[in-house]
2 protein chains.
Amino acid sequence: MKKAPERLRFSALAVDAVVLGIVDGELCGLVSEVNRPPYYVNILGFLGGLINIEENADEACERVLYEKGGLKNVYVEQLYTFSEVERDKRNRVISVAYIALVRPDTAASYKFADASFVPLKKLKNLAYDHDEMLQMAKSRLQGKFAYTNIAQYLLPRHFTLSELQATYEIVLQKEFDKRNFRKKVLSLDLVKETGLVQDGVKNRPAALYEFSSQKIKEFQLLT
Amino acid sequence: MKKAPERLRFSALAVDAVVLGIVDGELCGLVSEVNRPPYYVNILGFLGGLINIEENADEACERVLYEKGGLKNVYVEQLYTFSEVERDKRNRVISVAYIALVRPDTAASYKFADASFVPLKKLKNLAYDHDEMLQMAKSRLQGKFAYTNIAQYLLPRHFTLSELQATYEIVLQKEFDKRNFRKKVLSLDLVKETGLVQDGVKNRPAALYEFSSQKIKEFQLLT
DNA sequence: GCAAAAGTGTTAGGTATACACCCATGC
DNA sequence: GCATGGGTGTATACCTAACACTTTTGC
């Protein structure tokens, strides 16, 4: 593979990953300290890194998630490409942004370098154009929650219907009626019983469910 | 604005535009001959071009649409970024793809260099990864038709409800009941009457409507 | 008066919403 | 036995889907 001719190669290419997960009932984003003097110091930003010559953007994202976040096998999807000329004040950098979703076990016990999960409502004044990235990631997630089974990537493999409902309520910022919610997810075949029940809880143990399909599938709106 | 350091600048950056419009009751894409020996000869592809150092991807797309397609003031939205290492066999090129929509007057009388509107079902074996781009553009358009007022960009400013219905049927490849369709679009306030009627038709003239909002707005699903 | 497309209402079935109490378990 | 969250049914309003005939115009 040849490089492009010199005059056409003015920009670096990066990926940024908006990693989302639920911690203590709140939707959180994974951020770390950005330290790029003189413009970006004492400021938070999402994980990001440059694309290498031998990889595509998806592969770069996967690598960055592992190298900078210690994350492997997480759900990712491309979000949007940010290309404002001055989006990085130091150099021209075009960034392909991704959304990644992690399950609660990963998010709750997260420990890697200086990266940490911070509730979205505390994520303001991030580095570069990461505020905009976050807004877009949030709307995209909410959109997909309504008509796909993407919620599975924010839940453990087995979960109770109350946990599922809580996940929807946290992401969509909206409450659901317990009975109607259950009827809906069951009638859509979104989830199915595992036959297992909770263990070690101090109240009546709930039945454990799993998603019917591991693949992203489209459903009717959960408004 | 400095360029990025040399070792980080291996790729050219391009935009490609999947321009869609309806001609003779068919959804068509705007393609032109690609002539890039030795790999891409006698083959069709969407309009595309390189991003310049002083512009962002949206601006590059707008410029390419004008320079290579003679198009101005058309609706555009970013679709997806294609970054496979070998997507262009000559050089490493990462491309930010866009969807653009043109109104029937533009599409029907289109004439610019060798570009032309070709029905989607005839667009096979396009250059680069443009087949994949087209599939993605088509699904995106169908998705947005179902829950936004994006249809306005494929219609004239004033249109009859039958034309609106035909547009939905062409894009979604699905027939609607005339009475139910009308009830739906009116109850959603998707469109409103202009008070005008058709002129010069040899049957009963239909009332002309316009979209209630010029901005992209979300609605309930038109399934 | 005929051809062509416009325009219009009703019914039935299904989906969405609102709402309150009993159940199983651990302590 | 009490505190905690689990689990369940019904009635109503609303929305969707199916369906056919009359109206207006140009020629």
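Below, read A as the first sequence line, B as the second, and so on, with proteins coming before strands; counting in each chain starts at 1.
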Both A:S187 and A:G200 contact DNA chain C. Which one's nearest nucleotide lies toward the 5' end?
A:S187
Output the single nucleotide from C:dG7, D:dT16, D:dT25 whose closest atom is nearest the side chain of B:K184.
D:dT16
Which nucleotide, C:dT8, D:dG26, D:dC19, lies nearest any side-chain atom of B:K178?
C:dT8
What integer distance in Å separates B:N180:CG from C:dT8:C1'?
12 Å
Does a side-chain N or O of B:S162 approach OP1 or OP2 of C:dA6 to a distance below 4.0 Å, or not?
yes
Are more than 12 heavy atoms, taken from residues, nucleotides or ligands other than A:D114, located less than 6.0 Å from that residue's CG atom?
yes
B:L208 CG to C:dA5 P, in whole Å, measures 16 Å
Whether the side chain of B:N149 engages the backbone of B:K217 through a donor-acceptor N/O pair (distance < 3.5 Å, no angle test) should be reported.
yes
Please determine, for the side chain of A:R179, which listed nucleotide (D:dT25, C:dC19, C:dG7) has the closest atom?
C:dC19
Applying ring-ring contact (aromatic ring centres under 6.0 Å, His included) as the test, list every pair that has at least one member in residues 184-207 of chain A; sequence neighbours left out.
none
I want to verify a distance call: between D:dT10, C:dG7, C:dT10, whose nearest atom is closest to the A:K183 side chain?
D:dT10
So, under a plain 3.5 Å distance rule, would you say the side chain of A:R204 forms a donor-acceptor pair with the base of D:dA3?
no
